[in-house]
Amino acid sequence: MKFKFNNIRLFFGASIVALGMVSCELDDLDINVDPNSASEASLELLLTNAQFEGLNTFGGGLNNSTMGFQAINTSSDDFNFTNSSWNGTWNYLYSGPLKDLEEMINAADAEVTPRYLGVAQLMKAYYFTTMVDLWGDVPYSEAFKGNSVDEKNLEPVYDSGADIYADAFRLIDEAIVNLGKSQAVPVRGDIIYGGNASKWIKMAKSLKLRLLIQTRNVQSNAGAIQALITEGGLITSAADDFQLRYGALKNPDNRHPMYQAGYAGGEAGYSYFGHQLMSEMLANRDPRTPFYFKRQTSSLLDPEEPTDKQTIPCSQRADCTYGYFPLSDFVADAVYGVSASSLTSSQKAYLAGFFGRDRSDPSGIPNDNFLRTTTGAYPGAGLFDVSASLTGGNKFGKGDGIFPIITSWMVKFYMLEAQIALGVNTGMTEAELLADAVSDQMAKVIAVGTAADANAKADISTWPDEYSWPITYKTDDAFVDEIEANYPADGTANQRLGYALKQAWFANFGNGYEGYNAFRRTGLPADIQTPLQLPRQYALSLPYAQDEVNLNSNTPNKVYDSPGSAVFWDTLKFQY
Amino acid sequence: MKAMSNGILTLLLALVAQFTFAQSKTISGTVTDSSNVPLPGVNIIIDGTITGTQSDFDGNFTLQASVGDVLVLSYIGQKEVRITVGSSDFYSIQMEDDAQQLDEVVVTSLGLKRESRSLGYAVAKVTGEDVQGRAEPDLIRAMQGKMTGVNITGGGGAPGQGTKINIRGMSSLTGNTQPLFIVDGIPFDNSVNATAGAGQNTVFSNRGFDLDPNSIESISVLKGAAASALYGSRATNGVVVITTKGASTRSRKGLEVTYNGSMMITNLSGIPDYQDVYTQGSNQVYNGGFIGNWGAPMPDHVDRINQEYGTNYTKTYSLYPDGTPYPDGTASNPVSNRFPGVFPDLMQEYTMPDGSIRNVSAPYEIRPNDIIGGFFQTGETMDHAVSLSGGSEKGTVNAGFSNTNQGGIVPNQFVRRTSFYTGGNATLDNGITVSGTVNYVNTSQQSPKSGASAFNDYFGGGGGSIYARLFYLPRNFDLMGLPWENPADGSNIFYRALDNPIWISNNNFYKSDVNRAYGNLTVGYDIADGINVTVKAGINSYHDFQRYNSVPGGISDALGSVRTVDVNNTERDFTALLNINKDLTDDITLTAVAGLNANERKLTRRSVTGNVIISRGLNITSGTSTQIVDYDFLSLRRLYGVFADVQLGYKDMLYLGLVGRQDQSSTLPQGANSYFYPGASISFLLSEAVELPEVINSLKLRVSNTKVGNDATPYRTLTNFNIFNPFTSPIYGAVNRASLDNTLGNSTLKPEFTTEFEAGLATTLFNNRMSLDFTYFNRTSTEQIATASVARSSGFTSQVVNVGELNNKGIEIGLDVYPVASDNFTWNTYFAFTKIKSLVVDAGPNGEIFIGGPGSSLGTIHRNGLPYGQIFGTENAKDENGNLLIDKATGLPFASAQSTVIGDPNPDFTLGITNSFKFKNFTLRALIDWREGGDMYSFTAASLMLRGQLANSVNREALRVVPGVYGSNQTFQPILDASGNTIQNTTPITAFDSHFSNGWGAYGQDEVNIYDVTTIRLREVGLSYALPKSILDKTPFGSGSLGVSGRNLWWKAPNMLEGLNLDPEVLAESAASNVQGFEYGATPTTSSVSFNLSLTF
């Protein structure tokens, strides 16, 4: 074998040229540090995410459906679910905001960053008691340990709802202590209270009140509630309301979910509002009506015309109470005291805009997106109902509305319930307390609504001059006075609580959890229309997520609409 | 690049020193094959020395030799000839064909050419001719049905739409299942670059489309681990080794120019059998706003139906404002109803009873329309390719240009691909060989937004796609006749709040513009006889610029938006090889390769979305009101490996192969990122060893067992925090946020391994008229690096794990028969049969991995004990005897409590049958594909049933009863009568309720929409005519042919929904997805006919 050294030299020279083509760093393998994500995140970054994504989830589809459970709208109003129904929601909550909150609690230090810790503890207490209210027993004590070094756990046990509530009380008490401590740096990233510790302490106490009311059927809470009310420091004014204010940006879309449904999409309209709610608010001359509801049409549909016939609500059913408002004797009588045939054309045109559905009407969905009553200036920051006009296409309104979570009026409703049902002394008469609650909510509606739409006039007495409606709404003061005057002070506790919770039904528009919980707790208000169809029983809790059933062997079996699946504080276990 | 490689060539040529050998006398000669055709490149060696030469292009050689020397002539495909030098100075030598086809040469790993007989594993080969002129501009699709063990599925019929290729099943539960593409020795990225999910309104390509079939010299598919192991970590899914014409070493004398041109027309492959009896509406009442076709009968059918069923339908479909009917058979115009002032021509003045004049919709005729046939068009494609090839004894130069301009069946849909290549190789006098290629390709793709109806209609979709409802628009809706654009501002016009497909196809597009350059430089040197060193370096880099736009004036995106995505991908690869070919003894040969390989892949992606287009027509992000950076992503990975492949041959009949590779990867934890995998194979030519019956011309047995390792994708070892776009609060302004990644990283990640046992035989029979190649394989993938779902209550959605075990076993049978072979007429039949059985042995700690799909719990799942990728979804509740449980109140079935596995999408077997007939200058060939079994969830079927569109739904006057027994939706048990028996359902329902409600369609349970997609298909048919010499002699052309080809001209899926006529061979998700068994109602397939011309001069 004869080597030719010149050629070898040449060969290697050429090889080096070739190697040069592909770079000289090929041997460095220490490059697996992800340049796209951070190895650390500050408490403020986690806090914003835990607050926004969590509240946005609770304020979204779940909120819509729980409103549907109480006939506010028609979302999920047939209670017909499978394990897939809330799969995505459950998955998102646990793997997103709830986990980030847990990360935050793990990272926060009770001495160095006590206020961050306190805020996180309160968020956790609210989130998890709401999870319990929805699903009953849920993973809690062993949850979020997928990345734990010592206690890695991918199949956490399900803690009982009662235990989680008990731990929530502990979290609240600890949070109050933590928030009372000083912290060298202000709390940043708090999109609720801007880091204001005293407001968080009010939230803590109000949340505690809420949980005490919720559990009042299964434990004696009168003393604790009395102590809380006596001590004071609850959320009693709008300035302290625990609420999420949405953003107005389309991209990324931070807008109110009700706004997104009614104003952003083309075909995707808001699900129908309940006929009972709209009919009664019109009949009551409730000044919140044009804030809650935005009419899209003033045209009458002709029941003889084939296309119209298919589109008219309840045209395929005989068992509706309300039906198509301009043709409904029931509604005409309730609102105007006449039969439908005696309505004036402007009254008919006005009523045509209140286009929703009777409770749980199973009829197919016609092409009526442009006819449906959509969400108004409150709470979604859409349009005030100056006149009937189409929404949609991202062209109208702003969407930076609110999700009311624990507000001054809710606190007052809790106090009222405590006074009626438990004999707690609030220092006010029941009627006064109710008037205060409704008045607070009314003020919020007007404030949010007028901020959302400049065409909305705060002074209701000017409305007859401003707007050409064939209806005169009561002023806010007159309306509240009337509610107070009509309070059945001499009635039974159940009658009084029924009256109060019916007002709460109107007032908690935009928060489905309050009504859903109150109904399961008390069976009130009792005069909500019976669903036209009942493929399933009333949803006493929600089915577990399919993925959880598949992947966590600890997931209990349950039939969500059977009495055995009622949440621990639900002693009523309502069934139709 | 071109200048560079030429420069190096010149440099090397100039520097080369000349070497000469000692001599005694000069002899010369010519070498020919058995038909007297000169053989160039025959190796002529003086036995026992390293002295030798090669024959030139005319088969001539000259050599210094002494009397008594023995000349050994060897040439692949010919029997070795030994001649003793005598007194003569001139030798005319005729070589004999080696009858054994086993001696064909195949390109294996690293471009090594090996005799087929020596391989202990199967390699499939496709020639350039097999994929050219086939009415298919997508190279990967052009390979369909031509090989065993390879399953290729086109994404759909849009030009440039992606194609999925799987070799011997799917070897990864959650990771990549696509094979590695090697083009001219350098990895060729075939990513999808899907920057949005299947629900988005895009038509994804995969970058394999950048390869023009016209530029292909040959393709070898390395199917098993044994064949592909040398490629290392990325070879788990098999390797497609492509040699382009640019890198061709086929020697030609002088210059040859070839032109290939084709013209192709493309049409929709199937149109559903629509019903034309009923109008839009519901419950047998017309409604001009509906999509569903459950309305009153069309005018032409009113009388007949009234007569048949005693119904009292009228021909009135609309009333004027005073209650007077519109003229019989007409309705108010669905467009002018919505846009009263916009189209005066569609309005009429109507005199009311009180004498006032109202401007109302003019009558609009109620009649069936050809919506699909009207909307789709014939796609036209022009394809030109010119290649130049020339050379001398010292080397060859190749160059080429090609251009494909493919138009789609949807207006404004196209892909254009332009490519250039140049390449060459030279053997210098001192034995150094230099070769290289440079390629450039531009691929630009455009499609109107064409997302699937599954996401545009169901799942709360926002629309915006031409397919949102196109296939099930109301039969009486005159899509083509009615206006679609507002003449005042160009905004969308439609009969309801949806985007008109015509408006979309004129305004809203997905575009992708890819510029890709790749090339390599190879230097080789024969250090000594039988010892060669080769160094190859190459780069393959592309930039894909994607743009999505919606103009203002639509429904789904009223204010308009534009999104841009930049994808940059660069791969560098370096390989050094030491080749040894030695005869160790007279009987034992050694063929060995040792080498090292280093590879780097760098990917960047950046996406910016601008919202609210300021000036109509200006679709740029800077022309929008707000912009946001969606993501800015970088991925970098490196891998290097050393490897060796040793093959010992004994008497040309027994070969033992050993292979091993040690890889070190950047994506595995530092310190534990090195892994080794070995393999062994045996090839035994039984026919050489023992006397076999005469019918058996040759028989080879082969067996191998090989392991291949694989690394992870980058950045899977840690769990980090993701920064999200800030929340912009009206109170606090933009607030930044972060979230802990919901995928758990794994700091102890190990490499995954696939071990494959392969055994097979290859035989030729009956005077080589029949050859059979049978392979059995059994591959097990263990320690899979998977992203496995975990219960979300753990805080995470998934974890990166080394899990479980996935097994694929199967048989591949290739049977090649020449039933007739005469001078004038040849008939060849080739059968490619593949049967693969997959089994998920262990899908990790939970026993299952849910991959995803259209819904949060409807999709693909891997579950222990079941085949790969089952369809998971909801089913109707049933009793233990399988009877449907029926809700007594509604008469309809209801969902069982939990979702379950509702279908198996894996085919039972696939069979491709290629028949080719040669008669004189005519060649006729046809490829029939048979896919047996496998399930698919069809959204198109669901939607068409739901909407009352199909001809099989015209019988709808009578009530019906769903067969089943009454059951409880709380206990999911049948309701029993007093004596404990089930109660047969007798609750009648309408046809509308049975389809539209919780019935048989998209609103029912998922299992209803599962179909067996057994399909028989005429994949290809073609006729070509080679121009005879008598004609060519009068022209400058050396050869020429004319042809006509058809593709997908006929198919039948007998078990699909009757009258659906939907070609099930589509991909719901991108080719890179592991979701399988779904059809979302997006781009359907097409059939094509092309006319081809090929000329050489």
Side-chain angles (χ1 to χ4, degrees), chain A residues 1 6-7 11 14-15 18 21-23 26 29 31-32 34-39 41 45 48-49 52 82-84 87-88 91 94-95 99-100 103 139 143-144 146-147 154-156 191 245 247 249-252 254 265-267 305-307 310 364 367 369 393-394 400 546 548 551-552 559, chain B residues 17 282 285-289 317 319 430 462-463 496-498 521 523 525 528 535 537 555-556 558-559 572 574 598 600 611 628 633-634 636 638 666-667 715 719-722 725 727-730 735-740 742 744 790-797 846 856-857 895 898-899 970:
Chain A
M1 214 175 279
N6 277 345
N7 293 350
F11 170 78
S15 303
M21 279 171 66
V22 291
S23 125
L26 285 182
L29 295 182
I31 53 166
N32 205 31
D34 190 349
N36 309 297
S37 64
S39 58
L45 294 175
T48 308
N49 200 56
F52 179 71
T82 64
N83 287 335
S84 304
N87 189 48
N91 287 349
Y94 268 106
S95 62
K99 173 190 61 184
D100 289 331
E103 286 293 316
F144 313 114
N147 63 337
L154 296 172
E155 297 188 45
I191 58 171
R245 174 89 187 270
L249 275 192
K250 183 190 172 214
N251 182 27
N254 298 150
E267 176 82 343
E305 210 282 335
T307 292
Q310 291 281 313
N367 179 26
N369 280 62
N394 286 306
D400 55 344
Q546 182 69 50
E548 198 70 21
L551 300 168
N552 185 349
V559 178
Chain B
S282 70
V285 179
Y286 170 78
N287 186 318
Y317 299 91
L319 303 179
N430 55 5
R496 63 185 285 170
L498 291 169
L521 177 61
V523 183
Y525 176 55
V535 174
I555 298 294
S556 70
L559 306 179
R572 300 159 196 270
F574 174 83
E600 176 189 277
N611 268 286
I628 188 166
F633 173 83
L634 163 71
L636 177 67
R638 292 197 189 114
S666 72
T667 67
Y715 318 133
T719 313
N720 276 346
F721 292 89
N722 295 313
N725 288 125
F727 166 64
T728 302
S729 159
V735 194
N736 292 310
R737 56 208 180 97
S739 177
L740 184 60
N742 51 27
L744 274 169
V790 295
R792 308 312 195 272
S793 50
S794 69
F796 300 87
T797 57
N846 296 104
S856 83
S857 63
Q898 289 188 21
S899 297
Q970 285 208 338

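In the text below, chain A, chain B and the rest are named by the order of the sequence lines, each starting its count at 1. Here the structure is a predicted model, which means the values were calculated and not measured.
- Looking at residues two or more places apart in sequence or on another chain, you find a side chain to side chain contact (heavy atoms under 4.5 Å, CB included) between Asn147(A) and Glu103(A), Leu740(B), Leu744(B), Phe796(B).
- Ranked by non-hydrogen atom pairs under 4.5 Å with chain A, the options Ala558(B), Gly288(B), Ser666(B) are led by Ser666(B).
- Using a 4.5 Å cut-off between heavy atoms, Phe727(B) contacts chain A through both its backbone and its side chain.
- Of the listed residues Leu559(B), Leu634(B), Asn722(B), Val790(B), the one with more heavy-atom pairs under 4.5 angstrom with chain A than any other is Leu634(B).
- For a residue to count as touching a neighbouring chain, one of its non-hydrogen atoms must lie under 4.5 Å from one of that chain's; by this rule Thr797(B) touches chain A with backbone and side chain alike.
- Counting heavy-atom pairs closer than 4.5 Å to chain B, the top-ranked of the candidates Pro139(A), Ala38(A), Ala143(A) is Ala38(A).
- Across Asn725(B), Thr719(B), Thr667(B), Thr728(B), the residue that shares the most heavy-atom pairs under 4.5 angstrom with chain A is Thr728(B).
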Are Glu155(A) and Ser794(B) close enough, and set up right, to give a side chain to side chain donor-acceptor pair (under 3.5 Å), and what steps lead you there? CA-CA 7 Å; Glu155(A) 297 188 45; Ser794(B) 69; over 6 Å; no
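- For the atom pair CD1 (Ile191(A)) and CZ (Arg737(B)), the distance works out to 8.5 Å, reported to the nearest 0.5 Å.
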Could you go step by step and tell me if Val535(B) and Phe574(B) meet the side chain to side chain contact (heavy atoms under 4.5 Å, CB included) rule? CA-CA 8 Å; Val535(B) 174; Phe574(B) 174 83; 3.4 Å; yes
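- Proximity to chain B (any heavy atom under 4.5 Å) is restricted, for Asp100(A), to the side chain, taken from C-beta onward.
- For the set Asn394(A), Asp400(A), Val559(A), Asn87(A), the entry with the most heavy-atom pairs within less than 4.5 Å of chain B is Asn87(A).
- Remark: side-chain polar atoms of Asn32(A) are paired, donor with acceptor, to backbone N or O of Tyr715(B) under 3.5 angstrom.
- Only the side chain of Gln546(A) has a heavy atom closer than 4.5 Å to any heavy atom of chain B.
- Asn254(A) places no side-chain N or O within donor-acceptor distance of the main-chain N or O of Leu249(A), the cut-off being under 3.5 Å.
- A donor-acceptor pair is defined here as one N or O able to donate and one able to accept, closer than 3.5 Å; no such pair exists between the side chain of Arg638(B) and the backbone of Glu600(B).
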